[in-house]
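Heads up, the thing below is written out as structure tokens.
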Amino acid sequence: MKAYIISIAVSSVICAVINMITPENWSKYISVVTGLVITVCIAQPIISIISDDGISEIKYTATEHRTDGEAVLYTEIKEELEKRINEDARQRLKTDFGRDCEVSSVVKMNNASVSGVKSIEISGDKIDAVIIGKMREIYGADEVKYVGTEKSIKKSE
């Protein structure tokens, strides 16, 4: 900011001196040129923002300040998604298979996107391998466990 103010002051003084020493018949043209020089000095911050380098600096600064908020947002999205998967799976087990169970899921998330369901744990009524396989297929889970009997089927890679 200090350099910005100094550049405006120095250019104004130089332009004033140039206006004083120019001949009378050239004074209109010199005044226009010196006015443009002062205008460019004043508009320098706007010019730097419009240039590619200024825009990239702004984007970098903006993303740097948003990372904490994004992390909180991704955590909230992950928790909400897990909650909905748990409720949907619990309801599906009850309606499709007649089993009254509790479900706990873990969602895999990369920095900005959901990459799938990591695991689903089912506890409650007895669950057989067919139901475990069907749940793995429906939710695309890497692993589905029945906690009561420790049955586990992992997704083949």
Side-chain angles (χ1 to χ4, degrees), residues 1-12 14-15 32-157:
M1 185 69 167
K2 184 178 179 181
Y4 172 66
I5 294 171
I6 290 172
S7 69
I8 292 172
V10 169
S11 63
S12 297
I14 291 173
C15 290
V32 169
V33 171
T34 56
L36 287 174
V37 168
I38 292 173
T39 304
V40 168
C41 287
I42 292 171
Q44 184 60 37
I46 296 169
I47 293 170
S48 67
I49 288 173
I50 293 172
S51 72
D52 290 336
D53 294 334
I55 291 173
S56 65
E57 288 175 16
I58 289 173
K59 287 180 182 175
Y60 178 75
T61 303
T63 56
E64 184 176 317
H65 292 290
R66 290 187 301 165
T67 55
D68 291 339
E70 284 179 346
V72 170
L73 181 64
Y74 293 147
T75 302
E76 289 176 1
I77 290 171
K78 181 181 178 192
E79 288 172 358
E80 181 65 25
L81 186 57
E82 288 172 349
K83 179 180 159 187
R84 290 183 183 203
I85 290 171
N86 294 345
E87 181 59 30
D88 183 66
R90 189 182 68 74
Q91 199 60 22
R92 186 178 300 269
L93 285 167
K94 186 170 193 136
T95 57
D96 293 354
F97 304 108
R99 303 291 198 269
D100 190 22
C101 300
E102 289 299 316
V103 178
S104 175
S105 63
V106 177
V107 173
K108 294 186 294 186
M109 279 189 85
N110 293 338
N111 290 336
S113 65
V114 175
S115 59
V117 178
K118 183 177 181 181
S119 66
I120 297 176
E121 286 187 358
I122 304 169
S123 61
D125 288 349
K126 187 174 181 182
I127 302 294
D128 58 13
V130 173
I131 296 173
I132 290 174
K134 190 69 172 174
M135 295 300 285
R136 185 179 53 80
E137 179 184 325
I138 291 169
Y139 295 103
D142 293 341
E143 183 177 22
V144 176
K145 287 183 183 179
Y146 175 55
V147 180
T149 60
E150 297 297 327
K151 289 185 180 178
S152 175
I153 298 179
K154 291 191 177 183
K155 189 177 190 178
S156 60
E157 297 183 22

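Just so you know, these numbers use all the heavy atoms, side chains as well, and skip hydrogens, waters and symmetry mates. Numbering starts at 1 and runs along the sequence shown.
- Residues Arg136 and Ala141 approach most closely at CG-O, 3.1 Å, considering heavy atoms.
- The shortest distance between side-chain heavy atoms of Glu102 and Val147 does not fall below 4.5 Å.
- Although no hydrogens or angles enter the test, the distance criterion places a donor-acceptor pair under 3.5 Å between the side chain of Tyr146 and the main chain of Gly124.
- Interatomic distance, Arg92 CZ to Ile131 CD1, rounded to the nearest 0.5 Å: 13.0 Å.
- The shortest non-hydrogen separation linking Asp142 to Lys118 is CB-O, 3.2 Å.
- Note that NZ of Lys83 is 12.0 Å distant from CG of Leu81, once rounded to the nearest 0.5 Å.
- To the nearest 0.5 Å, the span separating CD1 on Ile38 from OG on Ser12 amounts to 4.0 Å.
- The pair Glu87-Arg90 meets the salt-bridge criterion, with a side-chain N (NZ, NE, NH1 or NH2) lying under 4.0 Å from an Asp/Glu carboxylate O.
- For Val107 against Lys78, the heavy-atom pair with the smallest separation is O-CE, 3.0 Å.
- Atom CE of residue Met135 and atom CG of residue Leu93 lie 4.0 Å apart, to the nearest 0.5 angstrom.
- Taking each heavy atom of Val103 and Asn86 in turn, the nearest pair found is O-CG, 3.4 Å.
- Closest of all the heavy-atom pairs between Cys41 and Ser11 is SG-OG, 3.5 Å.
- Counting non-hydrogen atoms of other residues, nucleotides and ligands closer than 6.0 Å to NZ of Lys94 gives a total of 12 or fewer.
- For the pair Lys134 and Phe97, the tightest heavy-atom approach, listed with the atom from each and the gap, is CG-CZ, 3.7 Å.
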- Query: Checking salt bridge (charged side-chain N to carboxylate O under 4.0 Å, His left out) for the pair Asp88/Arg84: CA distance, chi angles, key distance, verdict?
  - Reply: CA-CA 6 Å; Asp88 183 66; Arg84 290 183 183 203; over 6 Å; no
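- The main-chain N or O of Ile120 is never found under 3.5 Å from a side-chain atom of Tyr139 such that the two would form a donor-acceptor pair.
- Summarising the geometry, atom OG belonging to Ser104 is positioned 7.5 Å from atom CD belonging to Glu82; distances are rounded to the nearest 0.5 Å.
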